[in-house]
Undergrad: 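The structure is given below, and queries will be raised subsequently.
Fair warning: this is a prediction, and the values are worked out from it, not measured in the lab. Scope of the values below: all heavy atoms of this structure, side chains included, with no hydrogens, waters or symmetry mates.
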Amino acid sequence: MSTFTALDTTAINTIRTLAMDAVQKANSGHPGAPMGLAPVAYTLWNKFLNYDPTDPMWPNRDRFVLSNGHASMLIYSLIHLAQIKNVDHDGKVHDEPSLPIEQLQRFRQLNSKTPGHPENEYTAGVETTTGPLGTGVGNAVGMAIAQKWRAGYYGRPGFEALFDHRVYAICGDGCMMEGVASEAASLAGHLKLNNITLIYDDNGITIDGHTHLAFSEDVAKRFEAYGWSIQRVNDGNDLDGMANAIAASKTADRPTLIVLKTVIGYGSPNKADTHGAHGEPLGADEIKLTKKAYGWPEDSSFLVPDGVYDLFKSGIGARGAAARAAWQKLFEEYTAKYPTEAAELAAMEKRDLPAGWDKDIPVFPADPKGLATRESSGTVLNALAKTVPWIVGGSADLNPSTKTFLKDKGVFSPKNWAGRNVHFGVREHGMGAIMNGMALSKLRSYGSGFLIFSDYGRPPIRLAAIMGLPVLYVFTHDSIGVGEDGPTHQPIEQLMSLRAMPNLIVIRPGDANEVAEAYKVALQEKHHPVVLAMTRQALPTLDRSKYNAASGLAKGGYAVNNVPSPDVVLIATGSELSLALDAADKLAAEGIKARVVSLPSWELFEKQDKSYRDSVIPPDVKARVCVEMGAAFGWERYAGTTGAIIAMRSFGASAPLKDLLKHFGFTVEAVVKAAKEQVGK
């Protein structure tokens with residue numbers, strides 16, 4: 001016998017009509033998907049989701065991700081009806097609703113908390129920012145990995161219920177066409193993540209029209225091949241069928257895909273099951289007809305009938321409050337028995353670092369031969385992994401090259417959920433989306449690859465910057481120094497394009513001790529993703545008794561040599577720093593005073609006050625030479641209108657490194673020549 005009542009149907013139609021009304025009032029948005037998905041979303045939230053609306057930051061809450069983020073009025077309506085409390089940017093819960101009805105009425109308006117796509121930094125109850133389709137699937141997989149890791153690393157006998165939350169995600173046809181969802185789903189199946197349920201809204205409609213225009217594969221068979229369990233519900237209004245499918249997913253031994261056949265714009269007499277219900281308002285007349293079909297007051301707007309709020313309060317509200325209270329009691333027992341682990345979990349939730357987190361970071365001795373910064377990076381990363389247990393990550397199948405494998409920390413797998421090395425496979429885009437999901441669950445996630453392949457992972461890097469997630473990217477092979485691999489593997493424009501991204505910190509250290517300082521900056525960041533760009537080739541480790549301390553990196557740029565009144569300023573990053581220093585020595589022998597500035601992070605440097613920046617790069621010294629084995633574009637900021645820029649103005653070439661440096665002009669002689677010309681001006 002069904003447990004669903006007429007009031008459940010009223011609640012479902014409330015979700016539908018709120019979505020219709022908000023889109024119509026904004027004259028912008030996507031009403032059709034929320035109308036079709038309202039039954040399954042209601043069933044999931046009010047009958048299954050372990051989530052306490054009065055404590056949206058409860059660590060063991062179930063996670064809900066709306067990957068098809070254009071259907072944002074679906075989640076906004078649910079947040080409103082469940083009366084989820086507001087949370088500020090410091091994570092403090094306030095006794096006020098996250099989304100009062102006024103916020104639904106301001107859908108897609110400036111400074112509203114109901115933007116066109118869900119954004120977690122604005123709206124409590126939104127777990128992740130989903131815009132580009134498929135990204136939410138990757139985020140959900142990352143959240144599922146984080147849950148398994150917490151249970152594996154911090155779980156103890158008798159305390160399994162502390163780390164047993166599940167991840168639910170809804171996605172659409174567009175998500176299933178995007179490669180990022182496939183990458184993430186493939187890894188989830190490989191890892192047998194039985195804590196994730198993905199609901200596929202198989203409505204057959206995209207903006208262009210019916211999906212048969214471009215999409216005819218059997219998605220269920222594809223996911224079955226990935227290793228997923230498959231459930232099918234052939235009617236998007238079959239509440240019992242959906243409840244049974246969700247219940248079955250909770251007992252599966254692998255991830256579950258629920259293939260749900262829905263009708264986009266359900267109830268609309270003239271636009272249901274057409275692309276006319278997808279990306280535009282239904283229109284006032286069609287909304288009246290649709291409300292009539294629902295048995296709804298036709299002239300009502302943003303109506304929440306009597307009993308609907310109470311229905312959510314007695315459903316998700318009561319269930320979530322009881323689950324959180326039981327969890328809190330159990331966590332107090334855990335704290336008494338395992339105080340160290342409990343303190344680490346508390347620090348992780350606040351994005352704090354444990355005491356002594358940097359005590360094992362090495363100081364590298366001066367060495368003319370030196371190390372590739374990818375080598376020193378691996379050493380520093382492993383040192384940090386000893387003191388910060390929740391550093392978890394890996395590479396896109398490049399650990400031997402990026403040096404990012406955490407020694408003696410195990411491999412994350414169904415045989416060892418406590419393993420801290422995640423083998424992402426050759427899936428840069430999926431890796432980034434998964435890393436974001438892990439970071440949203442408060443792990444310090446990192447991923448690595450070649451800098452050139454940052455292009456493959458750019459969308460999740462951008463979303464991390466939008467969300468202010470402190471994910472860490474370790475990109476190696478950062479220049480034409482890659483050598484024989486040639487132009488396809490030699491990054492030229494990548495550094496500049498990453499520097500152009502708001503809220504992202506890019507650091508290109510110039511020797512091993514700058515690498516150590518770069519990691520200190522990265523680990524202390526709470527609200528910015530960080531990209532570290534590392535070399536393949538060895539760089540001299542500078543003698544810091546002769547040069548200024550590498551700690552200057554924390555300010556983004558600093559004078560490496562002590563030249564108080566320079567004739568010329570040489571500005572360099574990464575591998576070109578030692579080149580600039582060698583050129584300065586040559587110039588000094590000829591009586592020309594050259595200050596060498598290491599500028600590993602433009603973003604950090606620009607955060608300093610003007611007096612500091614001017615003390616490093618004196619504005620009255622117009623003779624300047626900027627040196628970097630990347631695109632010249634943008635260096636005018638520091639070279640000035642008359643300064644010289646030694647950089648790449650073409651793609652690279654396949655040849656040994658020494659030949660490439662000479663061919664493209666990255667030599668001491670070229671820097672000296674440019675400096676003399678600058679002084680001569």
Side-chain angles (χ1 to χ4, degrees), residues 59-60 63 137-156 160 162-167 169 180 182-196 198 226-228 252-256 341 344-345 348 378 381-449 457 460 464 469-474 523:
N60 201 43
R63 268 60 167 184
V137 177
N139 296 162
V141 171
M143 293 172 184
I145 286 174
Q147 184 276 321
K148 286 292 187 183
W149 183 83
R150 282 196 190 217
Y153 194 87
Y154 286 107
R156 299 293 184 270
E160 291 82 3
L162 288 179
F163 313 102
D164 65 351
H165 64 271
R166 294 188 58 80
V167 182
V180 61
S182 299
E183 291 180 22
S186 174
L187 183 60
H190 171 76
L191 291 172
K192 295 180 170 56
L193 298 175
N194 64 338
N195 56 344
I196 184 171
L198 180 61
Y226 289 154
W228 288 56
D253 61 354
R254 47 192 167 151
T256 295
E341 289 81 356
E344 289 179 354
L345 286 163
M348 189 194 316
L381 179 61
N382 270 275
L384 287 165
K386 294 178 182 178
T387 54
V388 186
W390 50 95
I391 292 176
V392 181
S395 78
D397 195 50
L398 285 169
N399 272 323
S401 295
T402 59
K403 312 299 180 185
T404 45
F405 190 81
L406 303 181
K407 298 172 184 175
D408 304 319
K409 302 303 180 188
V411 172
F412 180 83
S413 74
K415 295 180 180 179
N416 180 21
W417 294 126
R420 293 169 60 188
N421 291 284
V422 180
H423 287 291
F424 291 107
V426 188
R427 303 181 178 100
E428 288 88 355
H429 196 171
M431 177 178 74
I434 291 167
M435 285 168 57
N436 287 351
M438 294 165 67
L440 287 161
S441 299
K442 304 301 176 66
L443 301 190
R444 291 310 298 257
S445 57
Y446 73 90
S448 67
L469 296 179
V471 297
L472 174 63
Y473 282 90
V474 182
L523 263 289

Undergrad: Write down the atom of Gly227, the atom of Arg254, and the distance for their closest heavy-atom approach.
TA: O-CD, 3.2 Å

Undergrad: Go through the steps for Met143 and Leu440 under the test side-chain contact (heavy atoms from CB on, under 4.5 Å), then give the verdict.
TA: CA-CA 7 Å; Met143 293 172 184; Leu440 287 161; 3.9 Å; yes

Undergrad: What's the separation between atom OH in Tyr154 and atom CD in Glu344, rounded to the nearest 0.5 Å?
TA: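 That separation rounds to 3.5 Å.
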
Undergrad: Enumerate donor-acceptor pairs with a distance under 3.5 Å from any side-chain N or O in residues 410-420 to protein atoms, sequence neighbours excluded.
TA:
{"unit_1": "Ser413", "atom_1": "OG", "unit_2": "Lys415", "atom_2": "N", "d": "3.2"}
{"unit_1": "Ser413", "atom_1": "OG", "unit_2": "Asn416", "atom_2": "N", "d": "3.3"}
{"unit_1": "Asn416", "atom_1": "OD1", "unit_2": "Ala418", "atom_2": "N", "d": "3.3"}
{"unit_1": "Asn416", "atom_1": "OD1", "unit_2": "Gly419", "atom_2": "N", "d": "3.4"}
{"unit_1": "Arg420", "atom_1": "NE", "unit_2": "Pro389", "atom_2": "O", "d": "3.0"}
{"unit_1": "Arg420", "atom_1": "NE", "unit_2": "Ile391", "atom_2": "O", "d": "3.1"}
{"unit_1": "Arg420", "atom_1": "NH1", "unit_2": "Ala385", "atom_2": "O", "d": "3.0"}
{"unit_1": "Arg420", "atom_1": "NH2", "unit_2": "Ala385", "atom_2": "O", "d": "2.9"}
{"unit_1": "Arg420", "atom_1": "NH2", "unit_2": "Val388", "atom_2": "O", "d": "2.9"}
{"unit_1": "Arg420", "atom_1": "NH2", "unit_2": "Pro389", "atom_2": "O", "d": "3.4"}
{"unit_1": "Arg420", "atom_1": "NH2", "unit_2": "Ile391", "atom_2": "O", "d": "3.3"}

Undergrad: Heavy-atom count check: over 12 atoms from other residues, nucleotides or ligands less than 6.0 Å from Lys409 NZ?
TA: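 Enclosed: over 12 neighbouring heavy atoms sit under 6.0 Å from NZ of Lys409.
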
Undergrad: Using modelled atom types only, decide if a donor and an acceptor are shared between the side chain of Asn195 and the backbone of Asp164 within a distance under 3.5 Å.
TA: no

Undergrad: Under a 3.5 Å distance rule, please check whether Lys403 uses its side chain to pair with a backbone N or O of Pro400 as donor and acceptor.
TA: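 Answer holds: yes.
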
Undergrad: Any idea which heavy atoms bring Gly447 and Met431 closest together, and the distance?
TA: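 In terms of heavy atoms, the two residues are closest at CA-SD, 4.0 Å.
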
Undergrad: Considering non-hydrogen atoms only, spot the tightest contact between Pro460 and Asn436 and give its length.
TA: O-ND2, 3.0 Å

Undergrad: Does Trp149 reach the main-chain N or O of Met438 with its side chain, forming a donor-acceptor pair under 3.5 Å?
TA: no

Undergrad: What is the minimum heavy-atom distance between Ile196 and Pro255, and which atoms define it?
TA: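 Looking at all heavy atoms of both residues, the shortest contact is CG2-CB, 3.5 Å.
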
Undergrad: For Tyr446, which of Leu381, Val471, Val392 qualifies under side-chain contact (heavy atoms from CB on, under 4.5 Å)?
TA: Leu381

Undergrad: State which residues pass side chain to side chain donor-acceptor pair (under 3.5 Å) with Ser186; sequence neighbours excluded, sorted by chain then number.
TA: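 Per chain and number, Ser186 pairs via side chain to side chain donor-acceptor pair (under 3.5 Å) with Arg427.
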
Undergrad: From Lys442 NZ over to Leu469 CG, what is the distance, rounded to the nearest 0.5 angstrom?
TA: 10.0 Å

Undergrad: At what distance, to the nearest 0.5 angstrom, does CG of Asn194 lie from CZ of Arg166?
TA: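 Nearest 0.5 Å value for the CG-CZ distance: 6.5 Å.
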
Undergrad: Kindly give the heavy-atom pair with the smallest separation between Leu345 and Arg150, and that separation in Å.
TA: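 Closest approach of Leu345 to Arg150: CD2-NH1, 4.0 Å.
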
Undergrad: How many angstroms lie between atom NZ of Lys148 and atom CG of Leu193, to the nearest 0.5 angstrom?
TA: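 That separation rounds to 7.0 Å.
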
Undergrad: Locate the shortest heavy-atom distance separating Ala188 from Trp228; write the atom from each residue and the value.
TA: CB-CZ2, 3.8 Å

Undergrad: Roughly how far apart are Leu191 CG and His423 NE2, rounded to 0.5 Å?
TA: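 Between Leu191 CG and His423 NE2, I get 10.5 Å after rounding to 0.5 Å.
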
Undergrad: For Tyr226 and Ser182, what are the C-alpha separation, side-chain angles and deciding distance, and is it a side-chain contact (heavy atoms from CB on, under 4.5 Å)?
TA: CA-CA 9 Å; Tyr226 289 154; Ser182 299; 3.3 Å; yes

Undergrad: So, using side-chain contact (heavy atoms from CB on, under 4.5 Å) as the criterion, who are the partners of Asn382 when residues are at least two apart?
TA: Leu406, Lys407

Undergrad: So how far is it from Asp397 CG to Phe424 CZ, rounded to the nearest 0.5 Å?
TA: 12.5 Å

